2 protein chains.
Amino acid sequence: MGLQNTLRALADPIRRDILSLLKTGPLSAGDICSHFSVTAAAISRHLSVLKEADLIRDHREGKFIYYELNASVLEEIMLWITELKGDKDDA
Amino acid sequence: MGLQNTLRALADPIRRDILSLLKTGPLSAGDICSHFSVTAAAISRHLSVLKEADLIRDHREGKFIYYELNASVLEEIMLWITELKGDKDDA
DNA sequence: TTAACAATTAACTTAATTGTTAATTGAAGT
DNA sequence: ACTTCAATTAACAATTAAGTTAATTGTTAA
């Protein structure tokens, strides 16, 4: 958990694109897949990395599993960056 | 260049620690090394990754090479995050 | 229960990253 | 020129990550 997982998850262009897709609302895994040219299995693993970082949440509806963005954890990155840019007085 | 390099560079705890060390001002490679328990060669490569991402700048002074933080590129991440959290209307 | 479909997990391959030690570059002093 | 010290680069071993295909899990409907 934490910053490490979040940054690791964001350090991949496909995963960032997935997050952008989810900006407008939840999508099923299949819907997400259809936007990329890799296999469903590959996307599924990307989704699990994002989920591990708590950047997305999932819930099943019948046959489908829907994913939705959880942008709140990005706050931690904002804080880290702000701190790095900000007060030059504590190490 | 760009967001990809920046996020990749940040996705390593040692590299983030290096940036934090540089918050208070420039340090030589040796100074930086002394804070970690890996070899100088390993740190040198971390530094080159950070430099490639333009997160740090270097300049030589005699035998020493000093590194300093360039936090300005972090702005791009802030923007990306803000956009992701913000306007829910464009994909 | 069987068939069909959505999605994940498993097994495996390949490429990228991280670390080590050894060799190299660059600058300063003798 | 030679030595010494700071730092990087090269070459290699080990780990991690990302992709593929094939098998498995979970759900719905006949």
Side-chain angles (χ1 to χ4, degrees), chain A residues 1-22 25-70 73 77, chain B residues 1-22 25-70 73 77:
Chain A
M1 299 278 217
L3 198 59
Q4 177 57 36
N5 272 356
T6 310
L7 285 168
R8 187 173 65 87
L10 292 182
D12 181 281
I14 289 185
R15 289 196 287 265
R16 288 197 303 279
D17 286 347
I18 290 173
L19 295 179
S20 293
L21 276 175
L22 294 176
L27 290 175
S28 72
D31 288 338
I32 294 169
C33 279
S34 68
H35 287 84
F36 300 95
S37 48
V38 293
T39 61
I43 294 298
S44 188
R45 271 206 311 146
H46 281 304
L47 289 170
S48 86
V49 171
L50 289 168
K51 206 168 75 173
E52 205 180 334
D54 200 29
L55 280 160
I56 57 175
R57 306 270 172 77
D58 66 332
H59 64 102
R60 184 181 275 272
E61 274 181 38
K63 279 200 279 200
F64 301 88
I65 297 179
Y66 285 91
Y67 286 92
E68 69 178 325
L69 184 61
N70 175 36
V73 295
I77 296 179
Chain B
M1 302 276 214
L3 197 60
Q4 176 58 35
N5 271 356
T6 311
L7 285 168
R8 188 175 65 89
L10 293 182
D12 181 281
I14 289 185
R15 290 196 287 266
R16 288 197 303 280
D17 286 348
I18 290 174
L19 295 180
S20 292
L21 276 176
L22 294 175
L27 290 175
S28 71
D31 289 338
I32 294 169
C33 279
S34 68
H35 287 84
F36 300 94
S37 48
V38 293
T39 61
I43 294 298
S44 188
R45 272 203 309 137
H46 281 304
L47 289 170
S48 85
V49 171
L50 288 168
K51 207 169 74 173
E52 205 182 332
D54 200 30
L55 280 160
I56 57 175
R57 305 270 172 76
D58 66 331
H59 65 102
R60 184 180 275 272
E61 273 180 40
K63 278 200 279 200
F64 300 88
I65 297 179
Y66 285 91
Y67 287 91
E68 69 179 325
L69 184 61
N70 175 35
V73 296
I77 296 179

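Note that this is a predicted model, so its numbers are computed, not measured. In the text below, chain A, chain B and the rest are named by the order of the sequence lines, each starting its count at 1.
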Open item on the list: Among dA6(D), dA7(C), dA18(D), which nucleotide has an atom closest to any side-chain atom of R15(A)?
Closed with: dA18(D)
Task: Nucleotide of dT17(C), dT8(D), dT20(D) approaching R8(B) most closely (side-chain heavy atoms) - done: dT17(C)
- [ ] Find the partner of dT28(D): check Watson-Crick (N1-N3 plus N6-O4 or O6-N4) and G-U wobble (N1-O2, O6-N3) distances, both under 3.5 Å, and reply none if neither fits.
- [x] dA3(C)
- [ ] Could I get the full list of salt bridge (charged side-chain N to carboxylate O under 4.0 Å, His left out) partners for D58(B), not counting sequence neighbours?
- [x] K51(B)
Task: Backbone of L10(B) reached by a side-chain donor or acceptor of R16(B) within 3.5 Å - done: yes
Task: Side-chain N or O of S28(A) closer than 4.0 Å to phosphate OP1/OP2 of dA7(C) - done: yes
Task: Spacing of I43(A) atom CD1 relative to dA7(C) atom P, expressed in whole Å - done: 12 Å
- [ ] Would you mind reading off the distance between E61(B) atom CD and dA6(D) atom C1', rounded to a whole angstrom?
- [x] 13 Å
Task: Length of the CG-C1' vector between L47(A) and dA17(D), whole Å - done: 16 Å
Open item on the list: Of the listed nucleotides (dG19(D), dT21(D), dA18(D)), which one gets closest to any side-chain atom of H46(A)?
Closed with: dG19(D)
Task: Counterpart base for dC5(D), defined by Watson-Crick or G-U wobble contacts under 3.5 Å - done: dG26(C)
Task: Interatomic distance where CG belongs to N5(A) and C1' belongs to dT16(D) [whole Å] - done: 14 Å
TODO: To the nearest 0.5 angstrom, please state how far the CD1 atom of I77(A) sits from the CG atom of L7(A).
DONE: 4.5 Å
TODO: Take the protein atom CG of D58(B) and the nucleotide atom C1' of dA27(C), then report the distance between them rounded to whole Å.
DONE: 16 Å
- [ ] Output the single nucleotide from dG19(D), dT27(D), dC5(D) whose closest atom is nearest the side chain of K63(B).
- [x] dC5(D)
TODO: Verify, without hydrogens or angle tests, whether N70(B) (side chain) and D54(B) (backbone) share a donor-acceptor contact under 3.5 angstrom.
DONE: yes
Open item on the list: Can you tell me which nucleotide in dG26(D), dT20(C), dT17(C) comes closest to the side chain of R60(A)?
Closed with: dG26(D)
Open item on the list: Given dG19(D), dG19(C), dT8(C), identify the nucleotide with an atom nearest to the side chain of A40(A).
Closed with: dT8(C)
- [ ] Report yes or no: does S48(A) contribute a side-chain atom to a donor-acceptor pair with the main-chain N or O of R45(A) at less than 3.5 Å?
- [x] yes
Task: Nearest listed nucleotide, side chain of V38(B), among dC5(C), dG19(C), dA22(C) - done: dG19(C)
- [ ] Round to the nearest Å and state the distance from H59(B) atom NE2 to dA6(D) atom P.
- [x] 17 Å
Task: Nearest-angstrom distance from the residue atom CD of E52(B) to C1' of dT17(C) - done: 13 Å
Task: Position toward the 5' end of DNA chain D (nearest nucleotide), I65(B) or D12(A) - done: I65(B)
Task: Strand partner of dA15(C), provided both Watson-Crick or wobble distances fall under 3.5 Å - done: dT16(D)
Open item on the list: Does dT20(C) have its OP1 or OP2 closer than 4.0 Å to a side-chain nitrogen or oxygen of T39(B)?
Closed with: yes
Task: Given dT8(D), dT8(C), dT20(C), the nucleotide with the shortest approach to the side chain of A29(A) - done: dT8(C)
TODO: Hey, which sits more toward the 5' end of DNA chain C by its nearest nucleotide, R45(B) or A41(A)?
DONE: A41(A)
- [ ] May I have the distance from Y67(B) (atom OH) to dA7(D) (atom P), rounded to whole angstrom?
- [x] 8 Å
Task: Under 3.5 Å: donor-acceptor pair, side chain of R8(B), backbone of A11(A) - done: no
